[in-house]
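As the structure lists them, so they are numbered: ligands from 1, and atoms in each ligand from 1.
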Amino acid sequence: MAVHIGEVRQNTPAAIDIKGLSKEYTTARGTVKAMAPMDLSIKAGEFICVVGTSGCGKSTLLRLVAGFEKATTGSIAVDTEEVLGPSPSRGVVFQDYGLFPWLTVRENVAWGPKQAHLKTSLVKERCDKYIGAVGLELFADRYPHELSGGMQQRVSIARVLANEPSVMLMDEPFGALDALTRRGMQEQLSHLHRDIKTTVIFITHSIEEAVLLADRVVVMTGGAAKNVPGHIREIVTIDLPENRDVNSEHFNDLERSISRLVNTEEEDSSHGVDADASAEVQAGETNAEDEHKPVAVPRV
Ligand SMILES: Nc1ncnc2c1ncn2[C@@H]1O[C@H](COP(=O)(O)OP(=O)(O)O)[C@@H](O)[C@H]1O
Ligand SMILES: [Mg+2]
C-alpha cells in the first residue's frame with residue numbers, strides 16, 4: 001500500500017490473500033482448465049518461490065496476481081485491495097527484460113516515476129537510488145543493446161523498484177542468464193530483498209534457486225500433460241539462515257525433498273476435481289510447456 005509523506009510515496013510490503021482462485025482459458029480448440037481453485041496466503045515482506053513442471057499454471061498464477069488476466073473464479077486481495085487490473089504497486093519482471101530499447105538505463109528507470117508524475121527531483125532520487133542498488137551507476141547513460149543480459153535484467157529490476165512496489169512478481173527472471181551471472185543475480189536479489197522491503201513471488205525452474213532465495217516454496221503440479229488442472233501440491237518452509245550455503249546438508253535435503261514433490265506423481269492425482277475438470281489439450285497441439293525446459297544451475 002502506498003503511504004504519502006509529503007511528495008514522497010513510500011510503499012510498504014503488502015500481504016496477499018488468494019481465495020478460491022481458478023483460471024480457464026477459452027481457445028478455438030476448447031477450454032483449457034489451467035488452474036484448479038487455490039488458496040494461498042502470503043505475509044507482507046515474504047519471499048515466495050513457485051516451482052513445478054511446465055504447464056502446471058505458475059505463469060497463470062503470476063499473471064492473475066499482476067492483474068493481466070481475469071480470474072475465472074475466486075479473488076486476490078493485496079492488503080485489503082482487490083486486484084482488478086495491473087498496478088505499478090505490483091511490479092513485474094519477466095525473463096525477457098522488456099526494456100525500452102530507445103531509452104537509456106536512466107530513462108528506462110525514470111519511466112514509471114514519470115508516469116506517476118513525481119517531481120523531477122524525486123524522479124532523479126529514485127533513479128540514483130535504484131540504479132545504484134543494482135550496481136549500474138557507471139552504465140546509467142547506456143542503451144540496453146550496449147549491456148549484457150545480466151545487466152539488462154538488473155535494469156528491469158531497477159525499473160520495477162523505482163515504482164517502490166509493495167509486491168514484486170518475477171517470472172523466471174534469470175532463466176536466460178548463464179550460470180555465473182545467474183548466481184550473482186541471485187545474491188544481489190537476496191540482498192536487495194533484505195534492504196528494500198517488498199513481498200516477492202518468484203517463479204523458477206531451478207529448485208536450487210528456490211531454496212536459495214525463498215522463505216517458502218510453493219510446489220505446483222498438474223497441467224495438461226497430467227490431465228489435471230494445475231494446483232498447489234505442497235508448501236515447503238525454508239528454515240535456513242539468511243546467508244545460505246548451497247553445499248550444506250540441510251540445503252541439499254530441502255532441495256531433494258522439493259525435487260521429489262516436483263518430479264513424482266501425487267497419490268491422489270484427482271485433486272478432488274471431476275474428470276471433466278481436467279486440463280484439456282488436443283493431441284498434437286504444441287504447448288507452452290515445450291518452450292522452456294528446466295534450466296540446470298551448476299554449482300559455482
Ligand atoms: N493464453 C492462454 N491460452 C490458452 N491456454 C493457455 C494460455 N496461457 C497458458 N495456457 C495453458 O495453461 C496451462 C498453464 O500454463 P502456464 O501458466 O503458462 O504454465 P507454467 O508457467 O507453469 O509453465 C498450460 O496448459 C498452458 O498451455
Ligand atoms: Mg511459465
Side-chain angles (χ1 to χ4, degrees), residues 16 18 21-38 40 48-74 76 83 85-86 90-98 153 156 168-177 182 200-207 209-210 213-214 217-236 258-259 261-266 269 271 273 275-297:
I16 303 172
I18 293 171
L21 188 70
S22 77
K23 180 67 185 174
E24 290 180 5
Y25 292 105
T26 307
T27 70
R29 293 192 195 89
T31 305
V32 178
K33 303 202 170 188
M35 220 176 76
M38 72 154 70
L40 177 64
I48 294 288
C49 282
V50 183
V51 298
T53 43
S54 289
C56 67
K58 303 180 297 296
S59 296
T60 297
L61 170 64
L62 197 103
R63 286 198 301 266
L64 288 166
V65 179
F68 296 157
E69 303 266 9
K70 293 254 175 291
T72 304
T73 64
I76 306 165
V83 171
R90 276 171 274 120
V92 186
V93 178
F94 295 105
Q95 183 172 324
D96 54 5
Y97 321 115
Q153 192 55 292
S156 67
M168 193 143 106
L169 305 167
M170 307 181 85
D171 196 348
E172 302 190 36
F174 305 151
L177 304 176
R182 185 171 185 156
V200 180
I201 303 180
F202 183 108
I203 291 173
T204 177
H205 262 114
S206 162
I207 294 166
E209 184 166 77
L213 295 172
V217 176
V218 173
V219 182
M220 286 184 68
T221 190
K226 294 184 179 165
N227 218 28
V228 175
H231 58 275
I232 295 175
R233 179 169 185 180
E234 201 158 316
I235 300 178
V236 180
I258 293 171
S259 175
L261 289 167
V262 169
N263 296 310
T264 60
E265 290 299 323
E266 277 178 300
S269 61
H271 188 64
V273 287
D276 69 352
S278 56
E280 293 168 21
V281 166
Q282 300 263 319
E285 183 181 340
T286 350
N287 199 299
E289 295 171 24
D290 303 322
E291 284 166 20
H292 20 251
K293 296 285 175 216
V295 182
V297 185

So, is [X] polar-close to ligand 1, with some N/O to N/O distance under 3.5 Å?
X: Glu69; answer: no
X: Cys56; answer: yes
X: Gly57; answer: yes

query = Does the side-chain contact (heavy atoms from CB on, under 4.5 Å) test come out yes or no for Arg233 and Cys56, once each step is laid out?
reply = CA-CA 11 Å; Arg233 179 169 185 180; Cys56 67; over 6 Å; no
key: Spatial distance of atom CD1 (Ile203) from atom CG (Leu62) [nearest 0.5 Å]   = 4.0 Å
remark   = dist Thr204:OG1 -> Asp171:CG (nearest 0.5 Å) comes out at 10.0 Å
query = Hey, are Thr72 and Ser22 close enough side-chain-wise for a donor-acceptor pair under 3.5 Å?
reply = no
The Mg ion (ligand 2) to nearest N/O/S of Ser54 below 2.8 Å = no
remark   = Scanning both residues in full, the closest heavy-atom pair of Val93 with Ser156 reads CG1-OG, 3.9 Å
Identify, by atom number and element, the atoms of ligand 1 in contact range of [X], meaning under 4.0 Å from any of its heavy atoms.
X: Ser54; result: 23 (O)
X: Arg63; result: 8 (N), 9 (C)
X: Thr60; result: 14 (C), 15 (O), 16 (P), 17 (O)
X: Thr27; result: 4 (C)

Steps toward side-chain contact (heavy atoms from CB on, under 4.5 Å) verdict (Leu61, Ile18) = CA-CA 10 Å; Leu61 170 64; Ile18 293 171; 4.0 Å; yes
message = Considering Gly30, Ala34, Gly55 one by one, which has a heavy atom nearer to atom 23 (O) of ligand 1 than any of the others?
response = Gly55
Worked verdict on Leu40 versus Ile235 for side-chain contact (heavy atoms from CB on, under 4.5 Å) = CA-CA 10 Å; Leu40 177 64; Ile235 300 178; 3.6 Å; yes
